Amino acid sequence: MSNTTQTAAETVTETAGHAAEAAGHAAQSAGMPQLDFSTFPNQIFWLVVALVVIYLVLSRIALPRIGGIIADRQSTITNDLAAAEELKAKAVEAEKAYDQALVDARVEANKIIAEARADIQKDLDKATAKADAEIAAKAAESAGRIDEIRAGAAKSVAEVAKDAAEAIVAAMGAKADAKSISAAVAARLKG
Amino acid sequence: MATAEHSDGLAFHPMDQFIVKPLFGGETLNWYTPSNATLWMAVVILAVIALFVLGTRGRAIVPSRIQSVAELAYGFVHKMVEDVAGKDALKFFPYIFTLFCFIVFSNFVGLLPKAFTTTSHIAVTALMAVAVFLTVTIVGFVKNGAGFLSLFWVSSAPLALRPILALIEIISYFVRPVSHSIRLAGNMMAGHAVIKVFAAFAPLILISGIGVAVTPLSILAIVAMYALEILVAFIQAYVFTILTCVYLKDALHPHH
């Protein structure tokens, strides 16, 4: 900072000021510029102008515009919320319909399964009955043959026993009639 | 300019920044002469237009940054008027918002280096305070007729005390514009003057050895004061506005 130049400039202005309005300046430099009443008309005039301009700009242009923007935003938000609510209701409805369709399908499927099972059961029963009948026939046949074989075997056993008894009696040196031997063998086989 | 240096090295002219002078030279300051006050009021007007007219040009549903600031200011004052003075005070909202904008912008542009702070002048704040006072008084009588006088008649107090209270209430009512205006002008003036005093100490390092300690300290003090002044600039605008709302509430609903 060039002190000398500034000091010179200040001195010039100071002297000029003092020369021009000595009284006003004295009052000013002694106290606060705020209490220099000679400046009041000027400040008040320009303040009124400034306030009126600001008031007009704000009340005519800015405030209605900002108020409008805020109102618009509010209504947009409200509309969007309402739309969202509606969509949500639709989604719930759709889900319900889907669930219903699912339940219906399941019921239908169960019915089809039951029918199929019944059909299969019927076929199975028929086949089982047929098989049972065949088995029963075969079993009866087999039982007949077994009885035959058994009867044949019993007769053979009696004959063998009779022959053996006759041979044993003969070996013991006695003579036995066939009638009494067969009676004894029959009694023995029975017992 | 104010810190002219004299033979002793330092000069304190902390109040010179408040001198109102013709803008384009000359000596006489007539009521219509454009002055430095005019210049800074014009800056305030331009700032208001820039923020509230140009800033909201887009009318965006999703606001730009500057539009957010404008909406924030609008919402801030709108809510204040509605909460403090009631819904029926909203027709005074443009009026109150004008005062708020003028004060808050004046305070902030006044913080620019070399700027002139219009709101540091009692002439400016007194005019606004008197305007508020007159508005409130006229609205009070127009809305409530003689019932507005019940503002001074504290019906909840014992009967014997009421005349005394009425006297106190009336005095306090008429003191309102004084405190309303001096609070703002005083705060602005004091802060700027203090900054200037510290600023006068700052060049001491060029003159004397003690400046090694004083200069950094004063620069630090300027920074701290500046931060405080930014706070004060907003708070005083807020205080002026909310007091206007409180007075308006008294006018619209004088029954406590």
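Fair warning: this is a prediction, and the values are worked out from it, not measured in the lab. Quick note on labels: first sequence line is chain A, next is B, and so on, each numbered from 1.
The structure places CD1 of I44(A) at 5.5 Å from CG of L127(B), a figure rounded to the nearest 0.5 Å. Interatomic distance, CZ of F97(B) versus CD1 of I54(A), reported as 10.5 Å (0.5 Å rounding). To the nearest 0.5 Å, the span separating CD on Q43(A) from NE2 on H121(B) amounts to 5.0 Å. The line from CH2 of W31(B) to OG1 of T39(A) is 15.5 Å long, rounded to the nearest 0.5 Å. Atom OH of Y55(A) sits about 10.5 Å away from atom CG of L99(B), to the nearest 0.5 Å.
Proximity to chain A involves both the backbone and the side chain of V124(B), based on heavy atoms less than 4.5 angstrom apart. Residue contact with chain A, scored on non-hydrogen atoms closer than 4.5 Å, is absent for A193(B). Looking at S106(B), there are no atoms closer than 4.5 Å to chain A (heavy atoms on both sides), in backbone or side chain. For L51(A), the parts lying near chain B are the backbone and the side chain together; criterion is any non-hydrogen pair under 4.5 Å. Residue contact with chain B, scored on non-hydrogen atoms closer than 4.5 Å, involves the backbone and the side chain of L47(A) alike. In this structure, the portion of I70(A) lying under 4.5 Å from any heavy atom of chain B is its side chain and not its backbone.
A donor-acceptor pair under 3.5 Å links the side-chain atoms of R73(A) to the main chain of I61(B), judged by distance alone. In this structure, R65(A) contributes its side chain and R59(B) its backbone to no donor-acceptor pair below 3.5 Å. With N42(A) contributing its side chain and T33(B) its backbone, the two residues share a donor-acceptor pair below 3.5 Å.
Listed here is the closest heavy atom pair of A62(A) and V53(B): CB-CG2, 4.3 Å. Closest heavy-atom contact between A50(A) and F102(B): CB-CE1, 4.2 Å.
Atom CZ of F76(B) has more than 12 heavy atoms from other residues, nucleotides or ligands within 6.0 Å. Counting heavy atoms of neighbouring residues, nucleotides and ligands inside a 6.0 Å radius, atom CG of L102(A) exceeds 12 of them. K91(B) NZ: more than 12 foreign heavy atoms inside a 6.0 Å radius.
Contacts with chain A were tallied for S120(B), C101(B), A131(B); S120(B) has the most, counting heavy-atom pairs under 4.5 Å. Per-residue counts of heavy-atom pairs under 4.5 Å with chain A were compared for H78(B), K21(B), E71(B); the largest is that of E71(B). Among P34(B), G75(B), A126(B), the residue with the largest count of heavy-atom pairs under 4.5 Å with chain A is P34(B).
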**Request:** Check step by step if side-chain contact (heavy atoms from CB on, under 4.5 Å) holds for M32(A) and I122(B).
**Result:** CA-CA 11 Å; M32(A) 308 196 314; I122(B) 194 74; over 6 Å; no

**Request:** Test Q34(A) against F18(B) for side-chain contact (heavy atoms from CB on, under 4.5 Å), laying out the working first.
**Result:** CA-CA 7 Å; Q34(A) 278 85 351; F18(B) 301 120; 3.5 Å; yes

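Partner of W46(A) under the side-chain contact (heavy atoms from CB on, under 4.5 Å) criterion, out of L39(B), T38(B), V20(B): T38(B) alone.
Residues F93(B) and L63(A) have side chains in contact (heavy-atom distance under 4.5 Å, counting atoms from C-beta outward).
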